[in-house]
Amino acid sequence: MTNPALRREVINIYKELLNLGRAYPLGYDHFRNRLHKAFSSQAHLSDEEQIKKGIARAEFVKKEIEAL
């Protein structure tokens, strides 16, 4: 990833999701492992458009978790 602003966005959404995971019904460890796996599977992305789509998907997941 070359764009530092995008990198910062990805890290911020990851941290926000981790924070929300503390109240996850199946437990924090379960949530953290799944979150890490989801982000790791997208680590190879270098196209800015694809990264932005991933961030948008993470924002959607964040809203879903907040709705729980």
Side-chain angles (χ1 to χ4, degrees):
M1 185 184 311
T2 56
N3 187 336
L6 272 181
R7 178 175 169 79
R8 211 169 13 260
E9 266 189 78
V10 170
I11 291 170
N12 284 341
I13 190 71
Y14 184 81
K15 286 180 178 179
E16 289 173 22
L17 286 168
L18 263 182
N19 219 8
L20 287 174
R22 295 190 187 285
Y24 194 68
L26 294 174
Y28 178 70
D29 285 336
H30 174 76
F31 182 85
R32 187 173 47 85
N33 289 338
R34 301 231 4 230
L35 182 66
H36 180 75
K37 208 177 295 182
F39 272 74
S40 294
S41 71
Q42 302 298 310
H44 68 282
L45 295 179
S46 57
D47 177 43
E48 288 194 13
E49 280 306 309
Q50 293 293 341
I51 294 169
K52 287 178 184 175
K53 284 182 186 175
I55 292 171
R57 196 173 333 128
E59 290 286 352
F60 175 77
V61 169
K62 182 179 140 191
K63 286 185 179 93
E64 290 293 311
I65 293 170
E66 287 173 338
L68 284 178

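What you see is a predicted model, and the numbers here were worked out from it, not measured in a lab.
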(message) Please report the interatomic distance CD(Glu66) to CD(Glu16), rounded to the nearest 0.5 Å.
(response) 8.0 Å
(message) Using 0.5 Å steps for rounding, measure from the NZ atom of Lys52 to the CG atom of Asp47.
(response) 9.5 Å
(request) Apply side chain to side chain contact (heavy atoms under 4.5 Å, CB included) to the pair Leu26 and Phe31, showing each step before the final yes or no. (result) CA-CA 7 Å; Leu26 294 174; Phe31 182 85; over 6 Å; no
(request) For Ile55 and Leu6, run side chain to side chain contact (heavy atoms under 4.5 Å, CB included): C-alpha distance rounded to whole Å, both residues' side-chain angles, the deciding distance at 0.1 Å, then the answer. (result) CA-CA 9 Å; Ile55 292 171; Leu6 272 181; 3.8 Å; yes
(request) Would you indicate whether the side-chain heavy atoms of Asn33 and His30 approach each other to under 4.5 Å? (result) no
(request) Kindly compute the distance separating NZ (Lys62) from CG (Asn19), expressed to the nearest 0.5 Å. (result) 10.5 Å
(request) Dump the intermediate steps for side chain to side chain contact (heavy atoms under 4.5 Å, CB included) on Ile11 and Lys15, then the final yes or no. (result) CA-CA 6 Å; Ile11 291 170; Lys15 286 180 178 179; 3.8 Å; yes
(message) Distance check, rounded to the nearest 0.5 Å: Arg22 atom CZ versus Arg32 atom CZ?
(response) 9.5 Å
(request) Hey, could you give me the OH/CG distance between Tyr14 and Leu35, rounded to the nearest 0.5 Å? (result) 5.0 Å
(request) Quick one: closest heavy-atom pair of Leu17 and Phe39, and the distance? (result) CD1-CE1, 4.0 Å
(message) Would you compute the distance between atom NZ of Lys63 and atom CD1 of Ile65 and round it to the nearest 0.5 angstrom?
(response) 12.0 Å
(request) Using a cut-off of 6.0 Å, state whether more than 12 heavy atoms not belonging to His36 lie near its atom NE2. (result) no
